[in-house]
Amino acid sequence: MSEPVTLGIVVAFAAGVLSFLSPCVLPLVPSYIGFLTGMTLPEIGTRRRAALLHALLFVLGFSLVFILLGATATALGRALGYYQVWLQRAGGVLIILFGLLCLGVLSARPLLSEHRMQLEQKPLGYLGSAVVGMAFAAGWTPCIGPVLGGILGLAATSTDVTRGMLLLAVYSAGLALPFLLAAIAVESFLGWFQRFRRFLPWVMRLSGLLLILVGGLLVTGQFTRLAGWLQGLTPEILREQL
């Protein structure tokens, strides 16, 4: 995007957090941690450093894949730069459709069925955790797919590959940070999850509303205006980094 990216960064991070909280990811977090470390949950509590290292390599694995997808989406958008206005509108429509999928208004079973790389046994060592992370990213699950697709659609409206990659890096951070916290405090995570699980259906609804809002802003051309206004509120030191 030639316009400021402050709003895109906020949306991407929120989308990453919502992906973590989705019904397809959140309930499986303890299983993922146990699979990565090869330890039982009580053992993880006594070997937090090893669990954290496995988790770090896992999130680096899926972050690499997501960032490469962002670069690809942005490169495609850049190649169609002559049609940038129409590309932005088409991207907005696509993001709205992803939002409707999250809300359950639309159904696309072939698109939303799981197509994940199956790893019957985790590769040995810490490097294996990175491989599992890449396999996780290669999956298209019913919950994370529409949200990830929406952020890729947002990246496709950019003409700057670096900024497109930044959006997916921030999305990855939103997904990764809660996972890392869960890895180092798995007992607390399990207690929190029992209290939070009743809100899982609302996570998908909130994700859908967020995507519809962003898509509507892109279709109407207001995304750039709102992003510029937010840029003016951003401290100078942060604007220089963006």
Side-chain angles (χ1 to χ4, degrees), residues 1 3-27 62 65-67 69-70 72-74 76-77 80 83-116 136-137 139-158 163-164 166-175 178 196 198-227 229-230:
M1 290 166 285
E3 73 271 9
V5 296
T6 306
L7 180 57
I9 287 176
V10 173
V11 170
F13 187 81
V17 174
L18 289 172
S19 292
F20 176 83
L21 296 175
S22 67
C24 289
V25 175
L26 187 63
F62 71 66
V65 175
F66 288 156
I67 292 170
L69 286 174
T72 302
T74 308
L76 178 60
L80 300 174
Y83 305 98
Q84 188 65 26
V85 174
W86 289 103
L87 180 64
Q88 181 171 327
R89 293 173 180 170
V93 171
L94 181 63
I95 292 173
I96 290 174
L97 291 176
F98 281 130
L100 293 175
L101 286 172
C102 286
L103 290 175
V105 176
L106 298 179
S107 177
R109 292 185 179 275
L111 178 65
L112 297 180
S113 60
E114 293 195 31
H115 297 289
R116 292 188 295 187
F136 170 83
W140 184 262
T141 65
C143 291
I144 199 175
V147 179
L148 175 60
I151 300 304
L152 288 173
L154 185 59
T157 65
S158 173
R163 290 185 176 183
L166 175 62
L167 285 178
L168 270 297
V170 172
Y171 169 81
S172 299
L175 179 58
F196 182 81
R198 66 181 182 274
F199 298 111
L200 287 178
W202 289 98
V203 172
M204 291 305 297
R205 294 168 187 159
L206 182 58
S207 300
L209 292 174
L210 175 65
L211 292 177
I212 291 172
L213 174 62
V214 173
L217 290 172
L218 286 171
V219 170
T220 59
Q222 297 302 307
F223 190 89
T224 303
R225 182 175 299 177
L226 181 57
W229 178 75
L230 288 175

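Here the structure is a predicted model, which means the values were calculated and not measured. Every heavy atom of this structure was used, including side-chain atoms; hydrogens, water molecules and symmetry mates were not.
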First locate atom [atom1] of [X], then atom [atom2] of [Y], and finally report the distance between them rounded to the nearest 0.5 Å.
X    : Y    : atom1 : atom2 : value
L100 : I95  : CG    : CD1   : 12.0 Å
L217 : I212 : CG    : CD1   : 12.0 Å
F62  : L69  : CZ    : CG    : 13.0 Å
L152 : T72  : CG    : OG1   : 9.0 Å
L175 : F66  : CG    : CZ    : 6.0 Å
L101 : M204 : CG    : CE    : 9.0 Å

Taking all non-hydrogen atoms of both residues into account, name the closest pair between [X] and [Y] and its distance.
X    : Y    : result
L168 : A155 : CD2-CB, 3.9 Å
S207 : V147 : CB-CG2, 3.9 Å
P27  : S22  : CD-O, 3.8 Å
L210 : A14  : CD2-CB, 4.2 Å

| field | Residues in side chain to side chain contact (heavy atoms under 4.5 Å, CB included) contact with L26, at least two apart in sequence or another chain | value | F20, L21, F189, W192, F193, F196, L200

| Got a sec, which residues hit side chain to side chain contact (heavy atoms under 4.5 Å, CB included) with V170, two or more places apart in sequence or on another chain? | I9, A12, F13, L166

| remark: The complete set of side chain to side chain donor-acceptor pair (under 3.5 Å) pairs with one or both residues in residues 166-175, sequence neighbours excluded, reads S19-Y171

